[in-house]
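Below you'll find the structure, written out as structure tokens, and then a few comments.
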There are 2 protein chains.
Amino acid sequence: MLNEKTMSHSVECGDCPIRHRAVCARCETDELERLEEIKYYRSFEAGQTVIWSGDRMDFVGSVVSGIATLTQTMEDGRTQMVGLLLPSDFVGRPGRNGSPYDVVATTDLVMCCFRKKPFEAMMERTPHIAHRLLEMTLDELDAAREWMLVLGRKTAREKIASLLTILARRDATLNLRAPEGAMVFDLPLTREAMADYLGLTLETVSRQISALKRDGVISLQGKRHVTVPDFVRLLEEAGDDSDGGLLA
Amino acid sequence: MLNEKTMSHSVECGDCPIRHRAVCARCETDELERLEEIKYYRSFEAGQTVIWSGDRMDFVGSVVSGIATLTQTMEDGRTQMVGLLLPSDFVGRPGRNGSPYDVVATTDLVMCCFRKKPFEAMMERTPHIAHRLLEMTLDELDAAREWMLVLGRKTAREKIASLLTILARRDATLNLRAPEGAMVFDLPLTREAMADYLGLTLETVSRQISALKRDGVISLQGKRHVTVPDFVRLLEEAGDDSDGGLLA
DNA sequence: CGGACGGTTGACGAACTTCAAGTGGAGTGG
DNA sequence: CCACTCCACTTGAAGTTCGTCAACCGTCCG
């Protein structure tokens with residue numbers, strides 16, 4: 001039940017893969033040095049819980065590699081995923097002690113952590129950090145609201161297509177490609193995790209994936225490897241504007 | 001189609017009803033004075049659109065009185081409300097030009113606005129503002145995620161009960177009462193607006209309200225005035241923990 | 001080999017939407 | 001004062017989507 005955590009050796013911030021996207025993105029060299037002093041790495045294996053809902057949380061941090069999920073659970077066991085944490089995403093809330101969500105590693109996961117108190121102190125003195133954190137939080141808020149439309153108004157088929165567009169886009173940006181034409185990527189989630197994200201059952205997820213495959217919107221190699229022959233077609237299936245909905 | 005806006009005369013910040021909760025909550029007297037110089041009031045009538053999705057937005061601001069909604073619409077007309085803006089809530093995003101949502105006044109509305117450029121400049125120089133805005137944004141993010149659980153996993157009956165608990169709680173805090181025992185308040189939304197918030201049709205909303213009335217969970221005086229004889233009962237109907245789910 | 005696990009598929013039923021008719025209150029005009 | 005109409009809302013009947021229950025497949029692993 002208690003998750004053993006492996007300490008990993010830190011990378012120099014200058015060489016960090018998420019240097020330009022994480023909460024430290026705006027920091028100057030001297031600010032990075034001070035961050036470097038209070039940071040430490042933690043690794044989690046796939047399936048491990050990083051934080052239990054309601055638990056006291058004495059650190060905040062960034063996902064360096066791997067994927068984690070944020071989920072809420074009702075007493076009777078119904079669960080809803082409320083966030084998908086990718087490399088550079090931030091975990092934890094300065095100024096609050098507990099997490100209202102379970103944070104679970106769905107793949108092997110490495111996090112760059114800061115003890116909360118020193119981080120909060122540093123935020124006070126370093127507008128670059130506070131400013132970047134505000135920017136990231138506003139982005140997450142937009143993403144959460146976008147997802148509310150998916151959950152509230154889209155059909156099962158559109159929900160699946162919406163999830164696939166998100167995964168495809170993210171994969172593209174991580175590999176520095178433009179989201180267009182043919183795209184290939186892996187599903188980092190089980191059918192059940194997809195269902196929890198989309199507010200569906202795993203059976204419905206399975207059926208709709210089969211349907212999209214049958215209709216040529218996607219093809220599968222194995223259960224997890226997806227090919228999207230025409231990204232615009234997928235966007236249409238998701239019910240989105242085909243322009244990709246860029247915000248000014 | 002173009003909304004005429006009425007300019008109202010500003011109140012002194014010191015006498016402002018949202019002084020202690022809005023983005024300016026942490027400001028010192030001298031900071032307030034500088035804010036006072038760049039602020040102006042705008043009034044909107046019930047039903048007026050404050051901002052159209054995609055429009056350029058040259059101001060940010062706080063709701064002073066009244067209620068506004070944030071909605072997203074798909075091309076085929078399906079709409080999802082993604083936020084309910086109450087007095088002290090903040091509208092607009094520093095660092096971005098457009099709003100991805102329609103903002104609509106559902107009651108007569110007064111906003112305290114700042115032109116975006118001067119406000120952004122002021123944010124740079126005033127950590128109190130940036131800090132408070134971060135705090136408010138994190139609260140909104142939590143609220144959005146809470147709502148994702150409602151949209152994704154709750155039944156129609158639970159959705160209605162969840163909305164009623166939110167409205168009851170807000171009414172209580174505005175009137176400085178504790179949310180417990182018997183509560184009385186007005187519904188500030190039409191059945192259709194409730195449906196858009198909950199991801200339902202207006203008919204389902206109407207039926208479930210009738211059902212809650214029939215079962216004695218609520219009673220109605222007219223269509224809009226609600227009495228909740230037992231708030232804990234309502235929380236149970238919403239599927240929430242009866243402790244109110246306070247976050248540490 | 002046997003079991004566990006993730007996934008697929010079918011049959012059936014429940015929950016919610018759709019379509020349609022009808023109610024009640026507020027405002028308007030004769 | 002009484003139609004008349006408009007609008008938000010209610011209610012009923014029929015239809016659709018998705019969830020539930022259950023059987024089954026293939027792979028991995030001891």
Side-chain angles (χ1 to χ4, degrees), chain A residues 45-47 67 69 74 76-81 104 106-107 150-164 186-215 218-226 237 239, chain B residues 45-47 69 74 76-80 104 106-107 150-164 186-215 218-226 237 239:
Chain A
E45 286 172 26
I67 292 179
T69 61
M74 296 171 65
D76 61 8
R78 282 177 281 177
T79 74
Q80 175 65 51
M81 196 184 298
V104 179
T106 57
T107 65
V150 173
L151 291 173
R153 291 302 186 192
K154 291 195 178 180
T155 64
R157 183 180 174 103
E158 289 169 333
K159 285 179 174 182
I160 298 289
S162 297
L163 177 57
L164 293 176
D186 284 311
L187 295 174
L189 302 172
T190 64
R191 299 290 185 266
E192 185 176 19
M194 291 188 233
D196 284 343
Y197 203 9
L198 296 167
L200 298 170
T201 60
L202 66 91
E203 293 95 331
T204 300
V205 169
S206 186
R207 274 187 255 272
Q208 295 299 334
I209 288 180
S210 298
L212 289 174
K213 197 168 57 177
R214 200 174 51 235
D215 298 343
I218 60 172
S219 64
L220 289 185
Q221 293 76 48
K223 307 292 187 191
R224 297 288 193 95
H225 196 71
V226 182
E237 290 288 352
Chain B
E45 286 172 25
T69 61
M74 296 170 65
D76 62 8
R78 282 176 281 177
T79 75
Q80 175 66 50
V104 179
T106 56
T107 64
V150 173
L151 290 174
R153 291 302 186 193
K154 292 195 177 178
T155 64
R157 184 181 174 102
E158 289 169 333
K159 285 179 174 181
I160 298 289
S162 297
L163 177 57
L164 293 176
D186 284 312
L187 294 174
L189 302 172
T190 64
R191 300 290 186 265
E192 184 176 20
M194 290 188 232
D196 284 343
Y197 202 10
L198 297 168
L200 298 171
T201 60
L202 67 91
E203 292 94 332
T204 301
V205 170
S206 184
R207 276 187 254 272
Q208 295 299 334
I209 288 180
S210 298
L212 288 174
K213 198 169 55 177
R214 199 175 53 236
D215 299 343
I218 58 173
S219 64
L220 289 186
Q221 294 75 49
K223 307 293 187 191
R224 296 289 193 94
H225 195 73
V226 182
E237 291 287 352

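Excluded from the calculations below are hydrogen atoms, water molecules and symmetry mates; all remaining heavy atoms, backbone and side chain alike, are included. Below, chains carry the letters A, B, ... as their sequence lines are ordered, and counting in each starts from 1.
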Looking at A:Lys213 and A:Ser219, what are the two nearest heavy atoms and their distance? CG-CA, 4.4 Å

For A:Gln80 and A:Tyr197, indicate whether the former's side chain and the latter's backbone hold a donor-acceptor pair under 3.5 Å. yes

Does a nitrogen or oxygen in the side chain of A:Ser206 sit under 4.0 Å from OP1 or OP2 of C:dT9? no

Test your reading of the model: is there a side-chain donor-acceptor pair from A:Thr107 to the backbone of A:Ala46, 3.5 Å cut-off? no

Which residues share a salt bridge (charged side-chain N to carboxylate O under 4.0 Å, His left out) with A:Asp215, sequence neighbours left out: A:Arg157

Strand contacts (DNA chain C) in residues 187-198 of chain B, 4.0 angstrom heavy-atom criterion: none

Those residues at least two apart in sequence (or on a different chain) that pass side chain to side chain contact (heavy atoms under 4.5 Å, CB included) with A:Val226 are A:Phe185, A:Leu187, A:Ile218, A:Leu220, A:Val228

A:Arg78: which residues meet the salt bridge (charged side-chain N to carboxylate O under 4.0 Å, His left out) condition with it, sequence neighbours left out? A:Asp76, B:Glu158

Regarding B:Arg157, tell me which of base, sugar-phosphate or nothing describes its non-hydrogen contacts under 4.0 Å with the strands shown. nothing

Hey, is the main chain of B:Lys159 close enough, under 3.5 Å, to the side chain of B:Lys154 for a donor-acceptor pair? no

What string of B, S and - do you get for nucleotides 17-23 of chain C 5' to 3' if you count protein non-hydrogen atoms under 4.0 Å? BBB----

First and last nucleotide of DNA chain D, 5' to 3', lying under 4.0 Å from heavy atoms of chain B: D:dC9 to D:dA13

Once you round it to whole Å, what is the distance between C1' of C:dG7 and CG of A:Leu220? 11 Å

Atom NE2 of A:His225 and atom C1' of C:dG7 are separated, to the nearest Å, by 18 Å

Whether B:Ser210 side chain and B:Ser206 backbone form a donor-acceptor pair below 3.5 Å: yes

A:Arg153 side chain vs B:Met74 backbone, donor-acceptor pair below 3.5 Å: no

Is the backbone of A:Leu189 close enough, under 3.5 Å, to the side chain of A:Thr106 for a donor and an acceptor to pair up by distance? no

